[in-house]
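Scroll down for the structure; my scribbles are underneath it.
Naming convention: chains lettered A, B, ... in sequence-line order (proteins, then strands); numbering from 1 in each chain.
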Number of protein chains: 2
Amino acid sequence: MARAGLTAERLTRAGAELADEVGFDKVTVAALARQFGVKDASLYSHLKNSQDLRTRIALLALEEMADRVASALAGRAGKDALEAFAHAYRDYAREHPGRYAAAQLRLDPEVAAASAGVRHAQMTRAILRGYDLAEPDRTHAVRLLGSVFHGYISLESGGSFDHSSPGTQETWARVLDALDALLRNWPAP
Amino acid sequence: MARAGLTAERLTRAGAELADEVGFDKVTVAALARQFGVKDASLYSHLKNSQDLRTRIALLALEEMADRVASALAGRAGKDALEAFAHAYRDYAREHPGRYAAAQLRLDPEVAAASAGVRHAQMTRAILRGYDLAEPDRTHAVRLLGSVFHGYISLESGGSFDHSSPGTQETWARVLDALDALLRNWPAP
DNA sequence: TGCGTTTACCTAGGAGTATTAGGCAAATTA
DNA sequence: TAATTTGCCTAATACTCCTAGGTAAACGCA
């Protein structure tokens, strides 16, 4: 019988698509096998287990996000960079909700340390180059930015903003204005 | 044979405890039945299905959080209120990670509208009474606060802040300083 | 070109979870 | 005390995860 040509990469990619279509939590070994027309047991030659699959999808998502952010950030500084980062991040989450959810997966420390999440963190720091912040405020600010971006996307995609009036597009723009103002006027302790 | 005295409420409460112990995603009808020493089929007299169980835990968590925040907020204004809200929120999430995760569950619009989530949102608005913000900036600011709080807690509990140096306690305090400063100096469009 | 080795995919099966249908006995009410 | 409700049961179906062991296709080499 003909082989389907499975590899860990193809499975990861297909799993990511599936996540975007039906939700990350519904990505299952069985569902993935069905997509390739093979038995679920067959996937275990390529994947250690279902957790391994989820981890691979998470790592893929982190790579893609870091790539996007990197190219969005190239050649920009200050508020320009802040907005580019924010838009790239949010757009990715809207285009790929399943992958974005995957990227929130808690990884083993070693795996996380070797992931594109590190690059991502570095780029968040890079945004602040255009602002006059010394340590440890720089780190506090990085954490604040990460919190706002992640929190906003998470609440928005969860529908928390659906039933009050200004559109989320407008809020997003004003939030970025506010963050820019804050970074330019970071309060002394 | 003796009855276990199951009710939807007891099951919900036990499910919430279980969520805090092993994680919200591992709260299962079977696991809950085991805790009460009954067969899993027995729970279906009290719960519509496993989604119903999860929803009930989420609603419980929303109630508890709204209660905590309400009493933290009583008699406070301005930065005092901001900090009280933030601490109550974060403390709840740290004490009850499973319940906090449950509270993020996407609810049907009608269910959400009847939930304590509404009270929660109103209290976030109440914080802003101490600051001079008119609509629509008030709404933008509410969304920003929600994003920061949720995002920070989510990243912190996911371990994102574990491997960089200032402690998260210090960052949290400085983030609140920054938010207070921002709300007092909200930029014009 | 044919042979051996690797490996991709298979069947079979065990364990856990979600859910429904239908039954008996305990608790409640008349 | 009889009638009714209801709490928990057994049984059965379906789906997911995963392991063990087998077969045949593809590959590497003489």
Original post:
Would A:R54 and A:Q51 count as a side-chain contact (heavy atoms from CB on, under 4.5 Å) if you check the C-alpha gap in whole Å, the side-chain angles of each, and the deciding distance to 0.1 Å?
Top reply: CA-CA 5 Å; A:R54 281 185 281 272; A:Q51 180 55 39; 3.6 Å; yes

Original post:
Taking atom types as modelled, is there a side-chain donor on B:R143 or B:S147 under 3.5 Å from an acceptor on the other?
Top reply: no

Subject >> N/O donor-acceptor pair under 3.5 Å between A:R10 side chain and A:G5 backbone >> reply: yes

Original post:
Looking at residues 20-38 of chain B, who's got a heavy atom less than 4.0 Å off DNA chain D?
Top reply: B:V38

Original post:
In dot-bracket, 5' to 3', how would DNA chain D read with Watson-Crick or G-U wobble pairs under 3.5 Å, [ ] for crossing ones and | for pairs to another strand?
Top reply: ||||||||||||||||||||||||||||||

Subject >> Minimal non-hydrogen separation, A:A102 against A:I57, with atom names >> reply: CB-CG2, 3.7 Å

Subject >> Donor-acceptor under 3.5 Å (A:D20 side chain, A:R99 main chain) >> reply: yes

**OP:** Provide the full list of ring-ring contact (aromatic ring centres under 6.0 Å, His included) pairs with a residue in residues 37-56 of chain B, sequence neighbours left out, each pair given once.
**Re:** none

Original post:
Expressed in angstrom and rounded to an integer, what is the separation of A:D40 atom CG from D:dC15 atom C1'?
Top reply: 10 Å

**OP:** Rounded off to whole Å, could you give me the NZ-to-C1' distance for the B:K39 and D:dA12 pair?
**Re:** 15 Å

Original post:
Does any residue of residues 43-54 of chain B have a heavy atom under 4.0 Å from DNA chain D, and if so, which ones, in number order?
Top reply: B:S45, B:H46

Subject >> Distance in angstrom units between B:L6 CG and C:dA26 C1', rounded >> reply: 14 Å

Subject >> From CA spacing to verdict: side-chain contact (heavy atoms from CB on, under 4.5 Å), B:H140, B:L133 >> reply: CA-CA 10 Å; B:H140 298 320; B:L133 279 172; over 6 Å; no

Exercise answer: donor-acceptor pairs, residues 21-31 of chain A side-chain atoms, under 3.5 Å, sequence neighbours excluded:
from: A:T28; atom 1: OG1; to: A:A30; atom 2: N; distance (Å): 3.2

**OP:** Mind checking ring pair (Phe, Tyr, Trp, His ring centres under 6.0 Å) for B:F161 and listing every partner two or more places apart, or none if nothing turns up?
**Re:** B:Y152

**OP:** Considering non-hydrogen atoms only, spot the tightest contact between B:Y100 and B:Y92 and give its length.
**Re:** N-CE2, 4.5 Å

Original post:
Hey, is the side chain of A:S42 poking within less than 4.0 Å of OP1 or OP2 on C:dC10, counting only N and O atoms?
Top reply: yes

